[in-house]
Amino acid sequence: MQDPTSPSPERPTFADVARAAERIAGAAHRTPVLTSRTADAITGARLFFKAENLQRGGAFKFRGAYNAISALPEAVRARGVIAFSSGNHAQAIALASRLLGVPATIVMPHDAPAVKVTATRGYGAEVVSYDRYTEDREALGREIAAARGLSLIPPYDHREVIAGQGTLALELIEETGSLDMLVACLGGGGQLAGCALAAAECAPDCRVVGVEPEAGNDGQQSFRAGRIVTIPVPRTIADGAQSTYLGQLTFPIIAERVDDIVTVTDAELVETMRFFAARMKLVVEPTGCLAAAAVLHGRLDVRGKRVGVVISGGNVDLATFARLVGEGA
Ligand SMILES: *Cc1c(COP(=O)(O)O)cnc(C)c1O
């Protein structure tokens, strides 16, 4: 593992986030920042929800995907891109590729939510399936990339992907002004690392916190151990945060710039989905609820603070949404 203190040439900086904001302007939505008196009353905080469930492709991943493909030299881009993903990154790459006129191949787990597979195909990408419990998607992705001359765009461990994700925090802070805390959802760390880079520059006093599913707390373990800890594929309804290790690029940024990593249970994610549906009229997928679940369920000391909360995505099968939101109603 690389020394977290020595900057690597691939490691993004705030300048990359600023450049990403220029590249995605006009292509990505500047998503709304929502507030809720009920959420404020529950927590005693002033909460600002960045609604990336309303982003193109239904998740913040469009930012990193569009930025990464845009950053490729013309001739490289024309040969096509390939991505491996449990869903939202795939959809984002497929959509961004279509908008930029680039052919896309997506390696997806066979048990990915049907809505995500269908959407990815709908954007015109070729989908290659694999078994997430027995096959190595990275190896498969690299094999196909090499054989077909495609550029592999990983879901989080990539300078331009991290920089693109950071633009959501840039927009949020531009809109809210100073924040005491920014709470992000954590899978492989692209969102958290990007947001941490943006916050360090635009709101230096803002604490930055990541939230993981309790069953998949590799990020929390890594943060505490000071090295990347790998775990088996976690079983959680947060399918966008089933990554088993932080990245070589995301980890050092998180180790350096993030203040804490906390976890929430699947039951808390479901309750938060219900809160968003009932109170804020929002469809949010389980993974998209991570940050809000930590805030609403007392995992963080937010009383009296101005807190940015990332709602990271809204891609959930309607049947699953209805079942989860209907539970105990
Ligand atoms: C990918 C994803 C995450 C996790 O993002 P990382 O950059 O992998 O940490 C969180 N929420 C949603 C909806 C996602 O699609």
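Start at 1 and go down the list; that is how both ligands and their atoms are numbered. Counting from 1, the numbers follow the sequence of the chain as shown. All values below were derived from every heavy atom in this structure, side-chain atoms included, with hydrogens, water molecules and symmetry-related copies excluded.
- The ligand atoms of ligand 1 that sit less than 4.0 angstrom from a heavy atom of Thr287 are 10 (C), 11 (N), 12 (C).
- Looking at atom 4 (C) of ligand 1, its nearest protein heavy atom turns out to be Gly187 N, 3.5 Å.
- In this structure, the side chain of Lys50 engages the main chain of Thr31 through a donor-acceptor pair within 3.5 Å.
- The shortest N/O to N/O separation between Gly188 and ligand 1 falls below 3.5 Å.
- Closest to atom 2 (C) of ligand 1 among all protein heavy atoms lies Lys61 NZ, 2.4 Å.
- Listed by number with element, the atoms of ligand 1 under 4.0 angstrom from any heavy atom of Gly240 are 1 (C), 2 (C), 3 (C), 4 (C).
- Paired with Val211 under the rule side chain to side chain contact (heavy atoms under 4.5 Å, CB included), one option of Val183, Ile261, Val295, Val310 passes, and it is Val183.
- Looking at every heavy atom in both residues, Glu212 comes nearest to Gln220 through OE1-N, 3.0 Å.
- Counting the atoms of ligand 1 from 1 in the order shown, those under 4.0 Å from a heavy atom of Asn88 are 13 (C), 14 (C), 15 (O).
- Taking the six-membered ring for Trp and the full ring otherwise, Phe223 and Phe251 have centroids separated by 6.0 Å or more.
- Shown in contact with Gly313 at under 4.0 Å from a heavy atom are these atoms of ligand 1, numbered in order with element: 13 (C).
- For ligand 1, none of its N or O atoms has an N or O atom of Phe60 under 3.5 Å away.
- Summarising the local packing, OH of Tyr245 is surrounded by 12 or fewer heavy atoms from other residues, nucleotides or ligands at distances under 6.0 Å.
- Glu135 meets the side chain to side chain donor-acceptor pair (under 3.5 Å) test with no other residue; sequence neighbours excluded.
- Contact between Arg77 and Ser70 at its shortest, heavy atoms only, is NH2-O, 3.3 Å.
- Taking the side chain as every heavy atom from C-beta outward, Leu99 and Phe62 approach each other to under 4.5 Å.
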Step-by-step side chain to side chain contact (heavy atoms under 4.5 Å, CB included) determination, Arg63 to Gln55
CA-CA 9 Å; Arg63 295 171 182 274; Gln55 184 52 266; 3.3 Å; yes
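- Residue contacts with ligand 1: Gly190 is placed with a nitrogen or oxygen under 3.5 Å of a nitrogen or oxygen of the ligand (distance criterion only).
- Here's the thing with Glu285: none of its N/O atoms is less than 3.5 angstrom from an N/O atom of ligand 1.
- Polar contact with ligand 1: present for Gly189 (N/O pair, distance under 3.5 Å).
- Among protein heavy atoms, atom 12 (C) of ligand 1 sits closest to Ser312 OG, 3.3 Å.
- In this structure, Leu186 has a heavy atom closer than 4.0 Å to ligand 1.
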